[in-house]
Amino acid sequence: MAQTKFDKQVEETAECLMFGIGRFLAGHPMDGVKRTDATFWRSGTRVLPEVEGRVSRSSYLAGWKRLTFRISALAAIGAGGYQAGWVHQDATVATAQEIWADPDPALAALEQTGIAAASTAAVGTAAYLALTRKRRELMREWMLPLHEALALPLRLPEQTDPRRYLHIPRNFSEDDAVIRVDVPGRLDFSKDLVAEIITAKLALEGVTFSWHLAGRETYVTVKKTRKPPAKAAFKDPKIREIVAAAKESAPVIGIGSAGRIVTVDLDAESPHILVNAAPGGGKSVTLRCIACQMLHHGSLVFVLDTKRISHPWASGLPGVTYCRDIADIHDQLIALGMEGRRRTRVADDLGIDADPKAIGPRLLILLEEVNATMKQLARYWEKIRESGDPKVSPALDALNEILFMGRQLRMHVLLVAQSATARALGGPEVREQFSTRILARYSVNAWRMLAPEVHPAPKSTKHHGRAQVVGGGSARETQILFFTEPEAREWATTGTKAAAADGPGPVQLHKPPADSLPDARTTADPGLRQAPEPPASGDRPADARNSAPAPTAAPGECAANATAPAPATPVVVDDDQAVGLREAAEHHLPGITLAALRFARANDPAFPGSAGKRGTELLYRVGDLKKWARNRPRAGTTDLA
């Protein structure tokens, strides 16, 4: 039997009724169109891409919230209808007769009811507008402009309600405020661009971004960082207590946000530190801060300074070797490389359970202005290299060896650069050895080169002593600890002395034999334990490798001030002889007057000690005087210049 039109309508109506009941109980939109990503248990945050037209707020509600509202509304309507039915049944006839007989009271009551309703609505509207004024201002002035700027980078549908994914508190400019922005889970947007837009549209400064991209809920939180103190001077008693309590392997670098102490453990976190800053960025202050603390704990410090005047506070200090001449820097690096290989053998003999201090005191190498120093070392090696020698400077090979094996050998490099490119440092693998990097007054390119894992790049500042300490994938804004030069000398000369360090005694670096300078991998005789001494000539002749090592070290210039054994190779008599200051000025130190020598003897702590007496006249080794002349500071207005 054919189905009639009425039967079809009944079936369609029944089907629609069943779907309607299902949507009602499931909390779905009654029209069956899903407009947001809301589920039964979770509220929606974004409009679906294929949706067109306006999206109501109810579309963002979770299904259980819709169901609760619907059941509550039906219950209220049913209860009200049931009560009204009984009242209406009893009073319908009487009420109608009274109204027709005398309509004035009814009209008066209706008028009063209307006035009361209108007054209530007006008061309620006024109260609502007053209470939501700041929220509407926030929406108009900040959220909508930010939404319009983020819609394109995040590829949001036009119908997206900004209140559903922008969670911005009214006090978002305060220090403790937290801003949250829900981002699409597809992650096909630029995080740097999104961060820049948020920072610019909300006029934020000094904020950090935390990206949460794992799982279903993807969002970014923006927090305002508490600035470090304006100053962190060592003379402050609280700062002095912090420095005094620091571990021997973890010198204090400065004070970070919220008063946090910023340190780097050279044994556990990073054996080497890279300091990158533009001129005037406080590179020397940073190195002074770290070096004087290391000296305080008994470390030996080697200052390799082609600028000659970067660290006058360290000149002449016990435990400090200060090399200013490029030839001395070259030889010192080779000697340090050989010391590293000696320590490797010692550590291997001691075994894994031995005390790390047994291999010797901690060595700290301050390599200033690496951009210029690397070029000078390369040119110097080209000058003295002979046929058959390797093309690469053995000093650079020695530096690379120290960088790759410094942690276990208690040898650490503090490298300073204005532009720490991979080419300047000897390759990207060398730069990766500096897991802690201190950046000050940096450019955007410098940040992307040295700290690409931290984005967006924090804004550089010209605040004196302010730097970013980057390590472990995060950047900490830090006020570098400031030691004056007298304070640095005082702190470096108190505390543990290097000679009192545990182990086989004060370190004495091996001087490479004359025929081993081209190859830093050639180790010296283990029995030869004497401090490195550069060749005697101040002008460094072409065959500089034939210059023999001096038998003793100049006081104040070498880290190991111990009596050296007899030289393993013949010495140059001219440099080994002892002369008075007058004879030295006339025959051995051209360009330096007798008055300048006497002034230096009285005022320069790096001036060599006497080697004997001739009557009442003090005598000095010619080699020691020549080394002092090469490495003396050249800046200033005294006769020493």
Side-chain angles (χ1 to χ4, degrees), residues 302 304-306 321 323-345 365 367-406 409 411 413 415 422-430 433 509-551 558 567-572 574-575 623 626-627 630-631:
F302 298 83
L304 311 182
D305 178 21
T306 56
T321 299
C323 297
R324 297 180 176 91
D325 187 78
I326 193 63
D328 293 328
I329 293 175
H330 177 272
D331 293 347
Q332 187 66 78
L333 282 174
I334 295 176
L336 287 168
M338 298 177 69
E339 170 65 13
R341 298 182 70 82
R342 183 196 70 82
R343 291 191 173 202
T344 301
R345 295 194 300 270
I365 305 167
L367 186 55
E368 277 278 357
E369 299 298 344
V370 67
N371 298 88
T373 303
M374 292 297 188
K375 295 179 180 179
Q376 293 185 38
L377 285 172
R379 288 197 297 266
Y380 173 74
W381 179 243
E382 287 295 328
K383 177 181 177 182
I384 68 171
R385 185 172 68 90
E386 294 183 348
S387 177
D389 291 339
K391 292 184 178 181
V392 179
S393 169
L396 300 181
D397 285 341
L399 177 61
N400 290 341
E401 286 188 7
I402 295 170
L403 290 174
F404 283 106
M405 63 183 181
L409 305 183
M411 301 177 69
V413 177
L415 188 145
R423 180 179 180 183
L425 300 182
E429 67 280 358
V430 175
Q433 300 307 310
L509 301 182
H510 300 296
K511 174 66 181 177
D515 58 354
S516 68
L517 286 178
D519 189 1
R521 298 176 177 79
T522 304
T523 56
D525 182 4
L528 180 61
R529 297 179 59 82
Q530 69 180 45
E533 183 72 27
S537 173
D539 295 330
R540 306 295 294 185
D543 192 12
R545 299 180 305 147
N546 294 329
S547 298
C558 292
T569 57
V571 298
V572 179
D574 184 55
D575 282 353
K626 287 183 177 180
K627 180 177 180 179
R630 286 195 306 272
N631 289 291

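Keep in mind that this is a model prediction, so the values were computed, not measured.
- Residue D389 comes nearest to W381 through the heavy atom pair CB-CZ2, 3.8 Å, listed as atom of the first residue, atom of the second, then distance.
- We find the NZ-SG distance between K627 and C323 to be 5.5 Å, quoted to the nearest 0.5 Å.
- Side-chain contact between L415 and L403 is absent, with no heavy-atom pair separated by less than 4.5 Å.
- Contact check for L336 versus I365: side-chain heavy atoms found under the 4.5 Å cut-off.
- A heavy-atom distance below 4.5 Å is found between the side chains of P394 and H330.
- Residue R324 comes nearest to I329 through the heavy atom pair O-CD1, 4.2 Å, listed as atom of the first residue, atom of the second, then distance.
- Across all their heavy atoms, A398 and G337 have their closest contact at CB-CA, 3.9 Å.
- Looking at D328, its side chain never comes within 3.5 Å of a backbone N or O of D325 through a donor-acceptor pair.
- Looking at every heavy atom in both residues, N371 comes nearest to K375 through O-CG, 3.5 Å.
- Across all non-hydrogen atoms, the minimal contact from L409 to R343 is O-NH1, 2.9 Å.
- Side-chain atoms of M374 and L396, non-hydrogen and from C-beta on, do get closer than 4.5 Å to each other.
- Distance CG/D305 to OG1/T373: 8.0 Å, rounded to 0.5 Å.
- Side-chain contact check for L377 versus L333: some heavy-atom pair is nearer than 4.5 Å.
- Put simply, CD1 on I402 and CD on Q433 are 12.5 Å apart, with the number rounded to the nearest 0.5 Å.
- Remark: Q376 pairs with T306, I326, A372, R379 by the side-chain contact (heavy atoms from CB on, under 4.5 Å) rule, at least two apart or across chains.
- Side-chain contact check for M338 versus I334: some heavy-atom pair is nearer than 4.5 Å.
- Between R342 and E339, the closest heavy-atom pair is NH2-OE2, 2.6 Å.
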